[in-house]
Asks: 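The structure's right below; bear with me while I get my questions together.
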Amino acid sequence: MMGAIDAATSGIRAGTARLDAAAHSIANVNSVDDDDEPVEGRRVTLRQAENGVAAVEEGTGAPAELVGSTVDSMIARHEVAANAAVLRTAHETYGEVVDLLR
């Protein structure tokens, strides 16, 4: 039971990190740095962790790009929603188990 909660929690964190990276990229689509170079886009790569996933944010190596970043933000929103549903279900199930033990 706790494995599902840990995995869902890490998934929510990963989705939130992906949303943050996409927001950074979208906000900087037409921006330049101090050297008048386009601001680099951001992305999140997921790595397997002990109880779920770990999000690693990194630069894309290319200027921030609107369409891909917008798609990333839409995917991340669904990742967060799906993991929140898992967390909600695990919480409800845990409550049912506790009620049965009374």
Side-chain angles (χ1 to χ4, degrees):
M1 181 81 62
M2 295 309 284
I5 292 172
D6 291 340
T9 302
S10 74
I12 290 170
R13 283 191 198 109
T16 302
R18 193 181 302 244
L19 279 170
D20 289 345
H24 173 274
S25 295
I26 290 168
N28 288 295
V29 165
N30 293 319
S31 299
V32 293
D33 61 17
D34 292 337
D35 298 325
D36 287 330
E37 296 293 324
V39 173
E40 181 179 25
R42 306 296 295 165
R43 72 171 161 229
V44 170
T45 304
L46 302 180
R47 307 273 189 249
Q48 184 175 353
E50 186 175 329
N51 291 317
V53 295
V56 179
E57 187 175 342
E58 56 197 13
T60 61
E65 189 258 320
L66 182 61
V67 174
S69 297
T70 302
V71 170
D72 285 347
S73 72
M74 294 165 76
I75 292 169
R77 179 177 169 264
H78 289 288
E79 287 173 345
V80 170
N83 281 290
V86 169
L87 188 60
R88 209 172 13 258
T89 301
H91 176 58
E92 290 168 0
T93 303
Y94 184 71
E96 296 287 329
V97 170
V98 170
D99 288 345
L100 289 173
L101 295 175
R102 289 186 194 177

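Throughout, residue positions are numbered sequentially from 1 according to the sequence presented.
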Asks: What pairs of donor and acceptor atoms, side-chain ones from residues 32-39 against any protein atom, are under 3.5 angstrom apart with sequence neighbours left out?
Replies:
| residue | atom | partner | partner atom | Å |
| --- | --- | --- | --- | --- |
| D33 | OD1 | D35 | N | 2.9 |
| D33 | OD1 | D36 | N | 3.3 |
| D33 | OD1 | E37 | N | 2.9 |

Asks: Apply the hydrophobic cluster definition, ILVMFWY joined by side-chain contacts under 4.5 Å directly or through others, and give me every member besides L66.
Replies: I26, V29

Asks: How close do H24 and N28 get, heavy atom to heavy atom, and via which atoms?
Replies: O-ND2, 2.8 Å

Asks: Considering all heavy atoms of both residues, which atom of V86 and which atom of A8 are nearest to each other, and what is their separation?
Replies: CG1-CB, 3.8 Å

Asks: Just verifying a value: how many Å separate S73 OG and H78 NE2, rounded to the nearest 0.5 Å?
Replies: 9.5 Å

Asks: Could you tell me the separation between the CD atom of E79 and the CD1 atom of I12, rounded to the nearest 0.5 Å?
Replies: 11.5 Å

Asks: Can you tell me how far apart CG (D6) and CG (L87) are? Round to the nearest 0.5 Å.
Replies: 10.0 Å

Asks: Please report the closest heavy-atom contact between S69 and S25, naming both atoms and the distance.
Replies: OG-CB, 3.1 Å

Asks: Which other residues belong to the hydrophobic cluster containing V44, where Ile, Leu, Val, Met, Phe, Trp and Tyr are joined when side-chain heavy atoms lie under 4.5 Å apart, directly or via other members?
Replies: L46

Asks: If you look at every heavy atom in R47 and V56, which pair is closest and at what distance?
Replies: CG-CG2, 3.8 Å

Asks: How many angstroms lie between atom CG of D72 and atom CZ of R43, to the nearest 0.5 angstrom?
Replies: 10.0 Å

Asks: So which heavy atom on E57 is nearest to which on R42, and how close?
Replies: OE2-NE, 3.2 Å

Asks: I need the R88 CZ to I5 CD1 distance, nearest 0.5 Å.
Replies: 13.0 Å

